[in-house]
Amino acid sequence: MIDHLNDPQRAAVTIDSGHALVLAGAGSGKTRVLTTRIAWLIQNGLTSPFGILAVTFTNKASKEMQVRVASLLPIDTRNMWVGTFHGLCHRLLRAHFRDASLPQGFQILDTADQLSLVKRLLKANQIDDEKFTPRDVQRFINSAKEEGLRSHAVDASDPHQRRMVEIYALYEAQCQRDGVVDFAELLLRVLELLERHEPIRAHYQRRFRHILVDEFQDTNALQYRWLKLLSGGGANIFAVGDDDQSIYAFRGADVGNMADFERDYARGAVIRLEQNYRSQGHILDAANHLIAHNSHRLGKNLWTDQGEGELIRAVELPSDGAESQWLVDEIKALVGDGISRLDIAILYRSNAQSRVIEHALFSAGIPYRVYGGLRFFERQEIKHALAYLRLVMNRDDDTSFNRVVNFPARGIGARTIESLVDQARTYNTTFSQSVARVAGKGGSSLAQFSLLIETMAQETRMLTLSEAVEHIIEASGLLNHYRGEKEGAERIENLGELVNAATVFETEHDLSGLPSGEPAKTLIELMPDDSVEELGLNLPIAQTPLSAFLAYAALESGDNQAQAGQDAVQMMTVHAAKGLEFDAVFITGLEDGLFPHENSIIDPSGLEEERRLMYVAITRARKRLYMTMAQSRMLHGQTRYAVRSRFLDEVPENHLKWLTVRGVSNDVSTQSYARAFGAVGVNNSRSSQYGGTALSKGPSSGLQIGSQLFRVGQGVRHARFGEGTIIGLSGSGLDAQAQIHFADVGSKTLALGIAKLDIMT
DNA sequence: GACGTTGTCCTTTTT
DNA sequence: GGACAACGTC
């Protein structure tokens, strides 16, 4: 099992006791080490399968871990505690719902549900949603929870913050009334459950002897506390991660956890996996040199024995359209050379960039597949159907109530809803509980809706899960509604897919023939050991099939890849590419302001995260890597001009080959732009015409207004705003605008024809 | 209450 | 450019 590992890998797998931190570079066999370690621990009798807790961030990663462990050992991994933070917490909360102060039928809010709850909350409490935008409130609540803070524990310094905290408190109360938990709440609840209930805490602390954590660099403060608490009974934590691939700080991940963990736990037990089995020499060296520009690294240097390989190809194109066209031509050539389209990836910083590229690929007839975007369980018609099912489970789920109370339309308008909101607020009840009071005042369609839900609940209780789903799609009127809609056919198809998904779920969990509304023995969420007795729980806590299915829908929003499997070029954001690898990779849009993104350029830590993102992008490539940039690009409906990304300059020139593109200087958009508005591209001679190898300085462009030439990155002075830096240029002529970050007043967009700016030298 | 028109806002994403 | 929300009209 461990014979074919390299030395550091074997050292990590067989480390005997105590905590350990494994710094696993890109392509260094991270998952292999994790899974082999689990198998090794069990095989050598160091723990039983029940003594292991393995945590990941994504369902995909946890599934892969289960499959790979199962391939190493003849055990049923389904019973092991291998899962995502959220999935495992959900399991704990189902088992201990009473001690966690939750109703048995509690439901999980996804991000969209959460936002709609916040909106309703703001409206019901007449809070100015200009000063407190729903997005901001949502972010505030989530980041507080990710730090492990309840509303009463948040430090509010100014009045605005104090109001935020009040809203947070209202939100907490509303969730509790509704019997719903958001994603962060799953973790926070479990943390509190373990903190407050000694016997439960002791039980799990005793049980888990080895806790293994994947992608440790992505943990937030809450997850770190969670791990600390669970390991409090002497368990060993085996944390695997790569600080250079930490790209989720924006959602609360704290790389600092790695350094903290090393200091507090893994003293001395740090293992570096530095041999890369993925990329060839030039690619790997480029990545190493780039990331060396970051400070605050734990430090490591990847190497390969695969030889230098090819130089990285860099290309500068006049426009985003030209960039896409160039991609098309190059991909045609690659495919002509026999490279499979599945092994080609086009990466970009932000989703907005994909459209132009898609358009070009589509016109050229090149099959492609875009990752990201709407997932199955997030589709409107699916969410509607799920909302009915959730109401069957839990009448108090106001979010679901609100979603479908008048969908399909049944004559319940804004006035009725308003009085419902009124009543609910006055009496501190949920919508469902307030129906009688409002209905008494003439809202009979509302009473009918309530009756509909009750009837559905009764009718579906004894049906199997898939039958129940099918029945509800019909009885809710959803099916009829979409039949009458022009674009309804696809939605009806998707609703059919939902029934399908329920059938698959039944099979996978041995639920065929079982009633959807009765607890099913196959869904007992506790391990088959002494826990029931030890925890003083008299009954095995089983879920109903419906409840389990709804949790599955919320926690695994499902594949968004309808066309999976066919031979298509892979398109995705750099974030989405983490963990994947391809023979040929195109990193596109390498322009300052786009990659690195303008929102991150000003702040040094933001820039470092962008650099790590670039590092992730580079290390996706096995054999061939392209870096492309466009001098002009349509962004937010305006043409913007940018200079090439500083990251291109951070790649040593001996790893780069600048490609000459024929016809660049004749590009229509550049020419007409230059003619019409007198802006000049500076240094517009292409260095690569001299032979095509290793040239460091490409051209850059700017905006000429009068006698002044403005460029991104330039320092400027404004009479009122003071000194600042240009972080973006857009438009042209009279519409020319500059986004400027001022040291004192923050970012402003100024019209270059009007604002008086001095260029600082 | 359903539909058309204008106004605002734009990273990255998993659970 | 485009998604989505808010407003106005029938």
Side-chain angles (χ1 to χ4, degrees), chain A residues 55-62 83-90 108-116 119 123 129-130 133-136 139 142 145-146 181-188 214-215 218-220 222-223 246-253 320 347-356 359 371-375 377-378 380 406-417 445 551-558 560 572-579 589 593-601 606 609-610 612-614 616-617 633-640 728 730 739 749:
Chain A
V55 207
T56 63
F57 279 86
T58 66
N59 292 301
K60 199 176 152 203
S62 91
T84 63
F85 277 102
H86 296 85
L88 295 168
C89 284
H90 173 249
I108 301 167
L109 291 185
D110 69 15
T111 313
D113 296 333
Q114 185 187 34
L115 191 63
S116 96
K119 282 178 187 164
K123 200 165 276 173
D129 61 2
E130 305 249 303
T133 68
R135 294 303 296 263
D136 281 350
R139 206 168 327 153
N142 286 338
K145 287 192 180 187
E146 277 155 12
V181 293
D182 58 46
F183 288 131
E185 183 74 25
L186 288 166
L187 303 206
L188 189 49
D214 190 20
E215 305 276 17
D218 289 339
T219 50
N220 60 34
L222 182 56
Q223 287 153 343
S246 159
I247 54 174
Y248 286 111
F250 70 90
R251 68 176 196 218
D320 47 356
L347 307 184
Y348 33 83
R349 175 65 181 82
S350 62
N351 282 309
Q353 288 165 254
S354 75
R355 195 177 302 117
V356 193
H359 179 74
Y371 284 73
L374 206 57
R375 286 197 293 266
F377 289 114
E378 288 167 357
Q380 184 207 101
N406 194 36
F407 193 96
R410 45 176 74 87
I412 299 172
R415 287 188 321 277
T416 317
I417 300 295
S445 34
Y552 160 79
L555 288 174
E556 304 193 29
S557 31
N560 42 7
M572 65 194 84
T573 63
V574 181
H575 282 92
K578 194 170 120 186
L594 191 63
F595 196 1
H597 198 275
E598 61 190 21
N599 295 0
S600 308
I601 267 178
E609 176 142 325
E610 296 283 319
R612 290 192 293 270
L613 201 50
M614 182 67 182
V616 168
R633 182 178 296 279
M634 267 301 244
L635 214 61
H636 309 324
Q638 284 183 309
T639 308
R640 314 220 325 184
S730 61
Q739 282 172 290
T749 301

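Labels below follow one simple rule: chain letters A, B, ... track the order of the sequence lines, proteins then strands, and each chain is numbered from 1.
- Side-chain atoms of Arg355(A) lie closest to dG2(C) of the nucleotides dT15(B), dT12(B), dG2(C).
- With a glycosidic angle further than 90° from 0, dT12(B) counts as anti.
- At the heavy-atom level, Phe250(A) lies under 4.0 Å from base atoms of the strands shown.
- Between the CG atom of Asp214(A) and the P atom of dT15(B) there is a distance of 13 Å, rounded to whole Å.
- For the pair Ile412(A) CD1 and dG1(B) P, the computed distance is 9 Å after rounding to whole Å.
- Here the P atom of nucleotide dG1(B) and the CZ atom of Phe407(A) are 15 Å apart, to the nearest Å.
- Across all strands shown, Leu88(A) has no heavy atoms under 4.0 Å from either base or sugar-phosphate atoms.
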For Arg612(A) and Ser246(A): C-alpha separation, side-chain torsions, deciding distance, then whether side chain to side chain contact (heavy atoms under 4.5 Å, CB included) applies. CA-CA 7 Å; Arg612(A) 290 192 293 270; Ser246(A) 159; 3.8 Å; yes
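- At whole-Å resolution of the value, CZ in Phe183(A) and P in dT13(B) are 15 Å apart.
- Look at Arg375(A) and you won't find any side-chain N or O under 4.0 angstrom from OP1 or OP2 of dT13(B).
- Between Asp110(A) and Arg375(A) there is no salt bridge, since none of the side-chain N atoms of the basic residue sits less than 4.0 Å from a carboxylate O of the acidic one.
- Set against dT12(B), dT15(B), dG1(C), the side chain of Asn59(A) has dT15(B) as its closest nucleotide.
- If you check dT15(B), dT13(B), dT11(B) against the side chain of Ala576(A), the one that comes closest is dT13(B).
- Closest to the side chain of Leu555(A), from the set dT11(B), dT15(B), dG1(C), is dT15(B).
- Remark: P of dT15(B) and CG of Asn142(A) are 15 Å apart, rounded to the nearest angstrom.
- Among residues two or more places apart in sequence or in another chain, the side chain to side chain contact (heavy atoms under 4.5 Å, CB included) test is passed with Thr573(A) by Tyr348(A), Asn351(A), His575(A), Ala576(A).
- Counting any heavy atom pair closer than 4.0 Å across all strands shown, Glu598(A) reaches no nucleic acid atom.
- The His636(A) side chain lies nearest to dC10(B) when the options are dC10(B), dT15(B), dT13(B).
- Judged by centroid separation below 5.5 Å and plane tilt below 30°, His597(A) stacks onto the base of dT11(B).
- Computed from coordinates, the Glu130(A) CD to dC9(B) P distance equals 8 Å when rounded to whole Å.
- Put simply, CG on Leu186(A) and CG on Leu88(A) are 11.0 Å apart, with the number rounded to the nearest 0.5 Å.
- Under the 4.0 Å criterion applied to side-chain N and carboxylate O atoms, Arg251(A) and Glu146(A) are not assigned as salt-bridge partners.
- Across all strands, Ala554(A) comes closer than 4.0 Å to no nucleic acid atom at all (heavy-atom distances).
- With centroids closer than 5.5 Å and planes inclined by less than 30 degrees as the test, Tyr248(A) and the base of dT13(B) fail to qualify as a stacked pair.
- Listed nucleotides: dG1(C), dT11(B), dT13(B). Nearest to the side chain of Thr573(A): dT13(B).
- One can find a donor-acceptor pair under 3.5 Å joining the base of dT12(B) and the side-chain atoms of Arg349(A).
- In this structure, Lys60(A) and Ala409(A) both approach DNA chain B, and ranking their closest nucleotides by distance from the 5' end singles out Ala409(A).
- Between Asn351(A) and the phosphate of dT13(B), there is a side-chain N or O to OP1/OP2 separation shorter than 4.0 Å.
- We find that CG of Asn599(A) is positioned 12 Å from C1' of dC9(B), with the value rounded to whole Å.
- Using a 4.5 Å cut-off on side-chain heavy atoms (C-beta onward), Glu185(A) and Gln114(A) make no contact.
- Between the CZ atom of Arg135(A) and the P atom of dT13(B) there is a distance of 13 Å, given to the nearest Å.
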